[in-house]
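Here is the structure we will look at, set down as structure tokens.
The figures here come from the full heavy-atom set of this structure, side chains too, leaving out hydrogens, waters and symmetry mates.
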Amino acid sequence: MKFTAEDLKTFLKNVVNVIEENKDYLSELDRKLGDGDHGVTMSIGWQAIDEKLNGELQSEQDCGKICITTGRTFLSAVGSSVGPLYATGFLRGAKVFQNKSELTGEDLKDFWIAFIEGIKERGKAEVGDKTMIDTLQPALESLEHNFNQTNDFRKSFLQAVSDGEKGMESTKDLMSKRGRSSRLGERSLGCQDPGATSAFLILSMFLTTINSVQTV
């Protein structure tokens, strides 16, 4: 399959829209565990990216530069801990896409591995800590395993999103171990983690985008 710079920008636009649609839901989840501002924070970051998509990125065809601008924009717009995490993800992924205007399935697989590994290294969280890693790590392992078996990015990413969704849902049964919500102890049980939820929304929008791209 071919995935172009325009497709990458479509993905980012899709994330802008899904975060806006789910802003209140994400904040509602966060009210049970933290400050109640996760939806607003994510919206601020992605609205800033939307401005770039409608401005300086409109004619940009270097996928690496698109990711660098996305990461830096999110970081400067979002002051909370999630800012550096997603910024690191996009900046690591940008190295895979450097100087490329068309991407292969292998490029896309390498991007998501770099993206998630970057977030893991920056945040130091592990599966079971009730964070976005509970969504991202299962997706990473699934993508890597299935792509190595099949060399089919679309099918591998479909399974990765499914496994990420299971990881997101598993956070309901976990006690928070990191951040403000860790103070809640057992009271954090039964609540789905907002960060795991927004991470799943981002993965699902990439699946939506690749499903709209013609196979070559």
Flag, side chain of [X] to backbone of [Y], donor-acceptor distance under 3.5 Å:
{"X": "T208", "Y": "S204", "value": "yes"}
{"X": "K9", "Y": "E60", "value": "yes"}
{"X": "K172", "Y": "Q192", "value": "no"}
{"X": "K155", "Y": "N146", "value": "no"}
{"X": "D134", "Y": "G128", "value": "yes"}
{"X": "D30", "Y": "H38", "value": "yes"}
{"X": "T88", "Y": "R122", "value": "no"}

Quick one: do [X] and [Y] end up in the same hydrophobic cluster if we chain Ile, Leu, Val, Met, Phe, Trp and Tyr together by side-chain heavy atoms under 4.5 Å apart?
{"X": "L108", "Y": "V213", "result": "yes"}
{"X": "Y25", "Y": "L203", "result": "no"}
{"X": "V78", "Y": "L29", "result": "no"}
{"X": "I133", "Y": "V82", "result": "yes"}
{"X": "Y86", "Y": "V161", "result": "yes"}

What is the distance from atom [atom1] of [X] to atom [atom2] of [Y], rounded to the nearest 0.5 Å?
{"X": "D24", "Y": "S43", "atom1": "CG", "atom2": "OG", "value": "9.5 Å"}
{"X": "D110", "Y": "D107", "atom1": "CG", "atom2": "CG", "value": "6.5 Å"}
{"X": "K166", "Y": "T135", "atom1": "NZ", "atom2": "OG1", "value": "13.0 Å"}
{"X": "L8", "Y": "I66", "atom1": "CG", "atom2": "CD1", "value": "5.0 Å"}
{"X": "T73", "Y": "K52", "atom1": "OG1", "atom2": "NZ", "value": "4.5 Å"}
{"X": "T131", "Y": "E126", "atom1": "OG1", "atom2": "CD", "value": "9.5 Å"}

Closest approach of [X] to [Y] (non-hydrogen atoms, all atoms of both residues):
{"X": "A94", "Y": "G64", "value": "CB-O, 3.5 Å"}
{"X": "L140", "Y": "K120", "value": "CD2-NZ, 4.0 Å"}
{"X": "G39", "Y": "L26", "value": "CA-CB, 3.7 Å"}
{"X": "I19", "Y": "S198", "value": "CD1-CB, 4.4 Å"}
{"X": "K2", "Y": "D7", "value": "O-OD2, 4.1 Å"}
{"X": "A5", "Y": "C63", "value": "CA-SG, 3.6 Å"}

Donor + acceptor pair across side chains of [X], [Y] (<3.5 Å):
{"X": "D163", "Y": "S142", "value": "yes"}
{"X": "N54", "Y": "K13", "value": "yes"}
{"X": "Q47", "Y": "E20", "value": "yes"}
{"X": "N14", "Y": "T209", "value": "yes"}

Check your understanding: Which residues pass the side chain to side chain contact (heavy atoms under 4.5 Å, CB included) test with S27, sequence neighbours left out?
Key ->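 For S27, the residues satisfying side chain to side chain contact (heavy atoms under 4.5 Å, CB included) (neighbours in sequence not counted) are R31, V40.
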Exercise for review: Using side chain to side chain contact (heavy atoms under 4.5 Å, CB included) as the criterion, list what pairs up with E165, not counting sequence neighbours.
Suggested key: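 In terms of side chain to side chain contact (heavy atoms under 4.5 Å, CB included), with neighbours along the sequence ignored, E165 is linked to M168, E169, F200.
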Would you call [X] and [Y] a side-chain contact if the rule is heavy atoms closer than 4.5 Å?
{"X": "N99", "Y": "D62", "answer": "yes"}
{"X": "R72", "Y": "F90", "answer": "no"}
{"X": "L91", "Y": "I68", "answer": "yes"}
{"X": "V15", "Y": "I49", "answer": "no"}
{"X": "F11", "Y": "I202", "answer": "yes"}
{"X": "I113", "Y": "E144", "answer": "yes"}
{"X": "T197", "Y": "M42", "answer": "no"}
{"X": "W46", "Y": "N17", "answer": "no"}

Review point. Once the angle between the rings of F97 and F111 is folded into 0 to 90°, is it parallel (under 30°), tilted (30 to 60°) or perpendicular (over 60°)?
Key: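 Ring orientation of F97 relative to F111: parallel.
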Point to revise | Residues, nucleotides or ligands: over 12 heavy atoms within 6.0 Å of K65 NZ | key: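 Not more than 12 within 6.0 Å, no.
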Review point. So, F157 versus F206, ring centres under 6.0 angstrom or not?
Key: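 Yes, they do, as the ring centres are separated by less than 6.0 Å.
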**Study point:** Which residues share a side-chain hydrogen bond (donor to acceptor under 3.5 Å, both in side chains) with S156, sequence neighbours left out
**Key:**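 Partners of S156 under the side-chain hydrogen bond (donor to acceptor under 3.5 Å, both in side chains) test: T150.
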